[in-house]
Q: 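Below are the structure tokens for one structure; questions will follow.
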Amino acid sequence: MPELPEVETVVRGLRASVVADVIEEVWLSGRKQPLKSTPREIAEVLTGARITSVHRMGKHIVIDLTLPEQPSLSKSKKSKSKSTKHTSENATFIVHLGMTGRLLVVSPDEPVPKHTHLIAKLKSGRELRFVDPRMFGKLAVYRDAFETVGTEPLDIGFDQFTGLFRKRKSPIKSALLNQKLLRGIGNIYADESLARAGIRPRRRAATLTRLDLDRLYRSMQQVLNEAIAAGGSSVSDYVDSAGEPGFFQFQHRVYGREHEACLTCKTPIKRVVIGGRSSHYCPKCQK
DNA sequence: ATACCGACCTGTCAGC
DNA sequence: TGCTGACAGGTCGGTA
């Protein structure tokens, strides 16, 4: 469920509801899989932390924290007391929603659903919860800056965009999904971008003409912006941080529409598998 | 260096 | 009413 527009929607919801709140207590389920950091590290960093800002990097939710003041900075190397005043330390809490992850801000009265892996009690009285049935999501804490590769598709310039594909022999669909090139595009928005650009998903990336790339660049940004405005696509599980679904699934032209009529030419939409991912396109409109 | 493919998990739905 | 198999928004590591 979580591609760039869905993650951006969650981030905006969190930004409006939990910035400046303080995490008072953390509960983690016993399950080990969804964690990239150990449960102890996560509990240690989150407990007492103040949320200073929330933003998005690709499909990662980045929650910036200020840690409570510590009299001594624990077991550091033998550095002499570097500061006499108590400086606050910063840290980052990273959440990746995987396929079925949800990050919710709810009242503690809400029943705790199956597959809840983290509950952070907030000073405001609400709870920040991470729920993920398939456990493909990831939680991690970093004491230093979180780094990732790839360029934001809404920030990239056209020249850099064309450079990503110039020598790439993989299908353009696979290249769009490659997070090391562009970060945040997933299966839905790869298919929808290609549909609007009139390009078949199996075309080798390096064979796209400048005109193709120009259409793809503009289609990609347009689809992502429209999807953000619609609160993302809710195909089966996705909901935002308030538990509300998005509406962009009603504007899909090809994704999930196998055998249905193309909205432009009425030709039935085809579904094929490319790189193990189902891919949808109109065989007449997309060349 | 690239590019494909199965594995990781649970849930749902179609077909028998 | 089961049961089985296919499939699902993502990423990783191994292999060709």
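Sequence lines set the chain letters: A, B, ... in the order given, protein chains first and strands last, and positions in each chain run from 1.
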Q: Before accepting this row, confirm whether a basic side-chain N of the pair A:Lys173/A:Asp191 lies closer than 4.0 Å to the acidic partner's carboxylate O.
A: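 Result for this pair is yes, salt bridge flagged.
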Q: Please check: side-chain N/O of A:Ser234 versus main-chain N/O of A:Gly246, any donor-acceptor pairing under 3.5 Å?
A: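 Yes; judged by distance alone, with no hydrogens or angles, the pair exists.
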Q: Using OP1 and OP2 only, check whether a side-chain N or O of A:His96 sits under 4.0 Å from C:dT11.
A: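 Yes, within the criterion.
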Q: Thinking salt bridges, do A:Glu25 and A:Lys121 make one under a 4.0 Å N-O criterion?
A: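 Answer for the salt bridge query: no.
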Q: Does A:Lys287 NZ have over 12 foreign heavy atoms under 6.0 Å away?
A: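 Buried by this count: over 12 neighbours within 6.0 Å.
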Q: Nearest whole Å is fine: how far is C:dT11 P from A:Leu182 CG?
A: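 Value for this atom pair: 13 Å.
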Q: I'd like a list of close polar pairs between nucleotides 5-7 of chain C and the protein, N/O only, cut-off under 3.5 Å.
A:
{"unit_1": "C:dC7", "atom_1": "OP1", "unit_2": "A:Arg271", "atom_2": "NH2", "d": "3.3"}

Q: Are the side chains of A:Leu14 and A:Leu103 in contact, using a 4.5 Å heavy-atom criterion?
A: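 Yes, at least one pair of side-chain atoms sits under 4.5 Å.
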Q: Would you mind classifying the nucleic acid contact of A:Tyr189 as base, sugar-phosphate or nothing, using non-hydrogen atoms under 4.0 angstrom?
A: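 Result for A:Tyr189 = nothing.
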Q: Which whole-number value in Å describes the distance from A:Leu176 CG to B:dA3 P?
A: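 Taking CG of A:Leu176 and P of B:dA3, I get 13 Å after rounding.
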Q: Specify the separation, in whole Å, of atom CZ of A:Phe130 and atom P of B:dC9.
A: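 Taking CZ of A:Phe130 and P of B:dC9, I get 15 Å after rounding.
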Q: Please work out if A:Gly186 contacts a base, only the sugar-phosphate, or nothing of the nucleic acid, heavy-atom cut-off 4.0 Å.
A: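 Since only primed, P, OP1 and OP2 atoms lie under 4.0 Å of A:Gly186, the category is sugar-phosphate.
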Q: Taking only N and O in the side chain of A:Lys180, is any of them less than 4.0 Å away from OP1 or OP2 of B:dT2?
A: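 For B:dT2, OP1/OP2 do not have a side-chain N/O of A:Lys180 under 4.0 Å.
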Q: When you compare C:dC3 with B:dC9, how far apart are their P atoms, in angstrom units rounded to a whole number?
A: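 It comes out at 24 Å once rounded to the nearest Å.
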Q: Measuring from the side chain of A:Arg277 (C-beta onward, heavy atoms only), which nucleotide among C:dT11, B:dC4, C:dA8 has the closest atom?
A: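 Looking only at heavy atoms from C-beta outward on A:Arg277, the closest nucleotide is C:dT11.
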Q: In terms of side-chain heavy atoms of A:Lys114, which of B:dG11, C:dA8, B:dC4 is nearest?
A: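 Between B:dG11, C:dA8, B:dC4, the one nearest the side chain of A:Lys114 would be B:dG11.
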Q: May I ask you to decide if A:Gly58's main-chain N or O and A:Gln179's side chain share a donor-acceptor pair within less than 3.5 Å?
A: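 Checking the backbone N and O of A:Gly58 against the side chain of A:Gln179, no donor-acceptor pair under 3.5 Å is found.
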Q: Is A:Ile188 reachable from A:Ile274 through a run of I, L, V, M, F, W or Y residues, each pair having side-chain heavy atoms under 4.5 Å apart?
A: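 No.
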Q: Has A:Arg168 got a side-chain N or O lying under 4.0 Å from the OP1 or OP2 atom of B:dA3?
A: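 For B:dA3, OP1/OP2 do have a side-chain N/O of A:Arg168 under 4.0 Å.
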Q: Let me know the distance between CG of A:Asn178 and C1' of C:dT11, rounded to the nearest Å.
A: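 Going from CG in A:Asn178 over to C1' in C:dT11 covers 11 Å.
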Q: Respond yes when some side-chain nitrogen or oxygen of A:Lys138 is under 4.0 Å from OP1 or OP2 of C:dT11, and no when none is.
A: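 Checking A:Lys138 against C:dT11: no side-chain N or O falls below 4.0 Å of OP1 or OP2.
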Q: Could you write out DNA chain B as a dot-bracket string, with dots for unpaired bases, | for bases paired across to another strand, and Watson-Crick or G-U pairs counted at under 3.5 Å?
A: .|||||||.|||||||
Q: What is the separation between atom CD on A:Gln179 and atom P on B:dT2, rounded to the nearest whole Å?
A: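 Going from CD in A:Gln179 over to P in B:dT2 covers 17 Å.
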Q: Roughly how many Å apart are B:dG6 and C:dA6, using the P atom of each and rounding to a whole number?
A: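 Straight-line distance between the two P atoms is 13 Å.
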Q: Taking only side-chain N and O atoms of A:His115, does any of them lie within less than 4.0 angstrom of OP1 or OP2 on B:dC9?
A: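 False: A:His115 side-chain N/O out of range (4.0 Å or more) of B:dC9 OP1/OP2.
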Q: Below 4.0 angstrom, N of the basic side chain to O of the carboxylate: do A:Arg129 and A:Glu110 qualify?
A: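 Salt bridge: no.
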Q: Scan A:Pro5 against the nucleic acid and name what it touches under 4.0 Å (heavy atoms): base, sugar-phosphate only, or nothing.
A: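 A:Pro5: no heavy atom of the nucleic acid under 4.0 Å.
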Q: Measuring from the side chain of A:Arg134 (C-beta onward, heavy atoms only), which nucleotide among C:dT11, B:dC4, B:dT10 has the closest atom?
A: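 Nearest listed nucleotide: B:dT10.
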Q: Verify the stacking flag for A:Phe136 against C:dT11: centroid separation must be under 5.5 angstrom and the ring planes must differ by under 30 degrees.
A: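 No.
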Q: How many whole angstroms separate atom CD of A:Gln249 from atom C1' of C:dA8?
A: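 Whole-Å distance recorded here is 15 Å.
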Q: Rounding to an integer number of Å, can you tell me how far A:Glu6 CD sits from C:dA8 C1'?
A: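 It is 14 Å, rounded to the nearest whole Å.
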Q: Do A:Leu154 and A:Asn225 make a side-chain contact, defined as non-hydrogen atoms from C-beta onward lying under 4.5 Å apart?
A: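 The answer is yes, as the side chains (C-beta and beyond) meet within the 4.5 Å cut-off.
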Q: Side chain of A:Pro133 only, heavy atoms from C-beta on: which candidate in B:dC9, C:dT11, B:dG11 is closest?
A: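 Side chain of A:Pro133 sits closest to B:dG11.
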Q: For A:Asp132 and C:dG10, what is the distance between atoms CG and P respectively, to the nearest whole Å?
A: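 My rounded result for the distance is 13 Å.
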Q: Compare side-chain N and O positions of A:Lys169 against OP1 and OP2 of B:dA1 and report whether any pair is under 4.0 Å apart.
A: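 No, no such contact exists.
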Q: Roughly how many Å apart are B:dA7 and C:dG5, using the P atom of each and rounding to a whole number?
A: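 Comparing P positions in C:dG5 and B:dA7 gives a spacing of 15 Å.
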Q: Has A:Arg271 got a side-chain atom pairing as donor or acceptor with A:Arg257's backbone, closer than 3.5 angstrom?
A: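 Checked: no pair found.
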Q: Which word best sums up how the rings of A:Phe165 and A:Phe161 line up, parallel for under 30°, tilted for 30 to 60°, or perpendicular for over 60°?
A: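 Ring orientation, 0 to 90° scale: perpendicular.
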